[in-house]
Amino acid sequence: MKYQDFLKKFHQQVFSIGYDKQLILAIDVCKKLYFDYAEFSEKYKCGDKGILLDAIAILEQSKL
C-alpha cells in the first residue's frame with residue numbers, strides 16, 4: 001500500500017466514527033507515542049515533551 005492510499009483509508013475510517021471515539025483514539029495515540037517522542041526530544045534537543053503531556057491532560061479533561 002502506498003502512503004497516499006494509507007492516508008485516504010485512514011481519513012475515511014477516522015471520520016466515519018463519532019467525535020467521542022475520535023477523541024479516545026487521539027488520546028491513545030498520543031499516550032502510545034509519548035515515550036518515543038520523549039526519547040527523540042532528548043536525543044535531538046528538539047521539541048518539548050511537557051507540551052505533549054499537557055495536551056494529553058487537556059484531551060482527557062475534555063472527555064469529561
Identify, with sequence neighbours excluded, every residue that meets side-chain hydrogen bond (donor to acceptor under 3.5 Å, both in side chains) alongside Gln22.
none
Enter the distance from Leu7:CG to Lys9:NZ here, rounded to the nearest 0.5 Å.
13.0 Å
Could you list all the ring-ring contact (aromatic ring centres under 6.0 Å, His included) pairs where at least one residue sits in residues 26-64, not counting sequence neighbours?
Phe40-Tyr44
Applying salt bridge (Lys or Arg N to Asp or Glu O under 4.0 Å), name anything that partners Lys49, two or more places apart in sequence or on another chain.
Glu42
If I take atom CD1 from residue Ile17 and atom CG from residue Leu23, how far apart are they, to the nearest 0.5 angstrom?
10.0 Å
Does anything in residues 23-32 pair up under side-chain hydrogen bond (donor to acceptor under 3.5 Å, both in side chains), and if so which pairs, sequence neighbours excluded?
Lys31-Glu60
Nearest-0.5 Å distance, CG of residue Asp48 to CG of residue Leu53
9.0 Å
Taking the side chain from Ser41 and the backbone from Ala38, do they hold a donor-acceptor pair closer than 3.5 Å?
no
Indicate, with yes or no, if Leu33 and Val14 share a hydrophobic cluster defined by side-chain heavy-atom contacts under 4.5 Å among Ile, Leu, Val, Met, Phe, Trp and Tyr.
yes
Who are the side-chain hydrogen bond (donor to acceptor under 3.5 Å, both in side chains) partners of Glu39, not counting sequence neighbours?
none
Is Val29 linked to Ile58 within one hydrophobic cluster, defined over Ile, Leu, Val, Met, Phe, Trp and Tyr using a side-chain heavy-atom separation of less than 4.5 Å?
no
Per the side-chain hydrogen bond (donor to acceptor under 3.5 Å, both in side chains) rule, what does the pair list look like for residues 10-21, sequence neighbours excluded?
none
